[in-house]
Amino acid sequence: MIKKLYPNGKSKVFNITYDDGVLQDIRFVELLNKYNIKGTFNLNSQLMEEQFEWTHPCGMQVRRLPKDVVVDLYSGHEVASHTLTHPYMNNMVYGEIMHQLGRDKENLEKLFGVKINGFAVPFDYYSPLIAQCAVNCGFEYARMSQESFSYTPPQDCYWWQCGIFHLNPELNSFVEGFFEAEEELALCQIVGHSYDLDAENMWEQMEDILCRISADEDIISMTNIEIVRYLKAVRNAEISEKCIRNNSDDELWFEVNGKTVSVGPKEEYNI
């Protein structure tokens, strides 16, 4: 029996991705780093430039982080696009969407000095047109806001439903289910905003989740782009009763008849 695994022979992957680039990300990144967990942070470059603020329903001021803070803060994590100005995109035409995605990507790449590979849609509207614009802008994936409540990784990475939003009252039960999940390439993704951890007094709950994830030897933490690229590579492997052929440039991992094995780039493993 052959089962696909994640890097280092892990059977499950944990992913956490937060939007907007706000002040509370400073404390949140410290928490991720404490537990050696990677995050993906989705930023709006124009709102960052303007240091945009708004008032949360609880009365708290939510502040965007300035450019002189974010480069060092998100070091070791992934930065992705969240559009230029965080608009609701339901009435936008092609040129407007391309401007929101393409200019944000360009600005972030200039600021961080790295390629920006992914996009997370603001609010909850998504469409084939937005997906096509993500492809045309050169993104490798686009993450939607709709929750899947599933541990199954995306088949089409331009229609990536998030696992669960962290304000969902079923968050703890969703995480508990992940620890027991047995499906191949199980994925637990949590999506949110770090200001919610202040507004809803969730810091202790989130730290407990991160602590338990970090302590589980069957789970690896990966960013969005790391997951997308690994899934593409492992799904393109040729698997038969006698051989596993790795067609990618990355090391791949499998469980073969109860034994964990790795297959190097462009190599074969004879069963």
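Values reported hereafter were calculated over all heavy atoms of this structure, with side chains retained and with hydrogens, waters and symmetry mates removed.
A donor and an acceptor atom, one from each side chain of Asn236 and Ser248, are nowhere located under 3.5 Å apart. Between the side chains of Asp104 and Ser81, at least one donor N or O lies within less than 3.5 Å of an accepting N or O. Residues Thr152 and Glu183 have side chains that bring a donor and an acceptor to within less than 3.5 angstrom of each other. Side-chain contact check for Asn224 and Asn15: at least one donor-acceptor pair (N or O, by modelled atom type) lies under 3.5 Å.
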Would you mind writing out the side-chain donor-acceptor pairs for residues 260-268 within the sub-3.5 Å range, not counting sequence neighbours?
{"residue": "Ser262", "atom": "OG", "partner": "Glu251", "partner atom": "OE2", "Å": "3.1"}
{"residue": "Lys266", "atom": "NZ", "partner": "Asn247", "partner atom": "O", "Å": "2.7"}
{"residue": "Glu267", "atom": "OE1", "partner": "Gly264", "partner atom": "N", "Å": "3.4"}

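Screening residues 21-37 for side chain to side chain donor-acceptor pair (under 3.5 Å), with sequence neighbours left out, gives Gln24-Asp198, Asp25-Tyr74, Asp25-Ser194, Asn33-His77, Lys34-Glu207, Tyr35-Glu207.
Stacking of Lys12 on the aromatic ring of Phe178 is recorded, both the 6.0 Å distance cut-off and the 45° axial limit being met.
Applying the side chain to side chain donor-acceptor pair (under 3.5 Å) test to Gln161 and every residue at least two apart in sequence or in another chain returns nothing. Residues passing the side chain to side chain donor-acceptor pair (under 3.5 Å) test with Gln205, sequence neighbours excluded: Asn172. Residues forming a side chain to side chain donor-acceptor pair (under 3.5 Å) with Thr85 (at least two apart in sequence, or on another chain): Gln100. Looking at residues two or more places apart in sequence or on another chain, you find no ring pair (Phe, Tyr, Trp, His ring centres under 6.0 Å) involving Trp203.
When every heavy atom of Tyr94 is checked against every heavy atom of Cys133, the shortest pair comes out as CD1-SG, 3.6 Å. Residue Tyr126 comes nearest to Trp159 through the heavy atom pair CD2-CZ3, 3.5 Å, listed as atom of the first residue, atom of the second, then distance.
A donor-acceptor pair under 3.5 Å links the side-chain atoms of Ser145 to the main chain of Phe123, judged by distance alone. Put simply, the side chain of Glu140 never gets that close to the backbone of Gly118: no donor and acceptor are under 3.5 Å apart.
The CZ atom of Phe254 lies 5.0 Å from the CD1 atom of Ile239; values are rounded to the nearest 0.5 Å. For the atom pair CG of Asn42 and NE2 of His86, the computed distance is 9.5 Å after rounding to the nearest 0.5 Å.
By the 6.0 Å contact criterion, CG on Asn201 is open, its count of non-hydrogen atoms from other residues, nucleotides or ligands being 12 or less.
In summary, Glu49 and Lys67 engage in a salt bridge, as defined by a charged side-chain N under 4.0 Å from a carboxylate O. Salt-bridge check for Arg143 with Asp19: passed, with a basic side-chain N closer than 4.0 Å to an acidic carboxylate O.
Under the side-chain contact (heavy atoms from CB on, under 4.5 Å) test applied with Tyr6, the options Leu187, Val234, Ile219 reduce to a single match, Leu187. Considering Met48, Arg64, His82 as possible partners of Leu43, the one that fulfils the side-chain contact (heavy atoms from CB on, under 4.5 Å) test is Met48.
Under the 30°/60° scheme for interplanar angles, the aromatic rings of Tyr195 and Trp54 are found to stand perpendicular.
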